[in-house]
Amino acid sequence: MEKRDVQPGTLALMILKTLEVLGPLHGYGVARRIEETSRHQLALNYGTLYPALLKLEQEGFVTAEWGQSENNRRAKFYSLTPAGRKELAREVREWQQTADLIASFFALKPESA
C-alpha cells in the first residue's frame, strides 16, 4: 500500500487530538500514534512534525517540558493546554462543516432527461 502525505491544514488537528486522547507524549510518540491511527497510510515527515509542534507551542496550544522517554533518553513531552482544547474544538467544527459540504456534492445524482 502506498503511503499518503498529510493533507495541508490537518497535521495540527491530528497532533491536538492525539494529545487530547493520550495525554503527554514526546514527538516520536505523537508521530507513531498518528501513523497507527491512519493504519500506516500516512507518511509523516519529521521535518514537518517538529515545526508543527513548535508552532503549536508558540501559539499556546501545547506546552512542552523535558523528561525521560521509555528508553531512558531525554525527550521533550508535549501536553495540550486549555487554549489547545478550545482550538481543537474549533478545528473539529470547521472540518466537520467542510466534510458535510463535500458530502453534499458526493450525494449529487445525474438528472434524468
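This one's a predicted model, so the numbers in the text were calculated from it and none came from an experiment.
Pairing each heavy atom of Lys3 with each of His40, the nearest pair is CE-O, 3.4 Å. The minimum heavy-atom distance between Val62 and Tyr78, with the atom names listed, is CG2-CD2, 4.2 Å. Heavy atoms only, all atoms of each residue included: Ala83 and Gly60 are closest at CB-O, 3.7 Å. Heavy-atom minimum distance, Leu16 versus Gly84: CD1-O, 4.2 Å. Nearest heavy-atom pair, Ala12 versus Leu56, reported as atom, atom and distance to 0.1 Å: CB-CD2, 4.1 Å. When all heavy atoms are compared, the tightest approach of Leu49 to Leu11 is CA-CD2, 4.1 Å.
Members clustered with Phe106: Ile102, by chain and number, using a 4.5 Å side-chain heavy-atom cutoff among hydrophobic residues. Other cluster members for Trp66: none, since no ILVMFWY side-chain heavy atom sits under 4.5 Å from it.
Side-chain atoms of Thr18 come within 3.5 Å of backbone atoms of Met14 as a donor-acceptor pair (strictly under, hydrogens ignored). Thr81 places no side-chain N or O within donor-acceptor distance of the main-chain N or O of Thr63, the cut-off being under 3.5 Å.
The structure places OG of Ser79 at 13.0 Å from CD of Glu20, a figure rounded to the nearest 0.5 Å. Atom-to-atom distance recorded for Leu54:CG and Lys76:NZ is 6.5 Å, nearest 0.5 angstrom. The distance from atom CZ of Arg85 to atom CG of Leu19, rounded to the nearest 0.5 Å, is 9.5 Å. Remark: Lys17 NZ to Thr10 OG1 distance equals 15.0 Å, nearest 0.5 Å. The CD atom of Glu111 sits 13.0 Å away from the NZ atom of Lys109 when rounded to the nearest 0.5 Å. Rounding to the nearest 0.5 Å gives a distance of 13.0 Å between OH of Tyr50 and CD of Glu57.
More than 12 heavy atoms of other residues, nucleotides or ligands shown are found within 6.0 angstrom of OH on Tyr46.
Side-chain contact between Phe61 and Leu80 is absent, with no heavy-atom pair separated by less than 4.5 Å.
Scanning for side-chain contact (heavy atoms from CB on, under 4.5 Å) contacts around Gln97 gives an empty result, with sequence neighbours left out.
Residues Lys86 and Glu91 are not paired through a salt bridge, judged by the lack of any N-O separation under 4.0 Å between the basic side chain and the carboxylate.
Linking ILVMFWY side-chain heavy atoms closer than 4.5 Å, directly or via other members, places Leu108 and Leu101 in a single hydrophobic cluster.
His26 and Phe77 have perpendicular rings, their planes meeting at more than 60° on a 0 to 90° scale where under 30° would count as parallel.
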**Request:** Would you sort out whether Val6 and Thr48 count as a side chain to side chain contact (heavy atoms under 4.5 Å, CB included), showing the intermediate values?
**Result:** CA-CA 10 Å; Val6 175; Thr48 307; over 6 Å; no
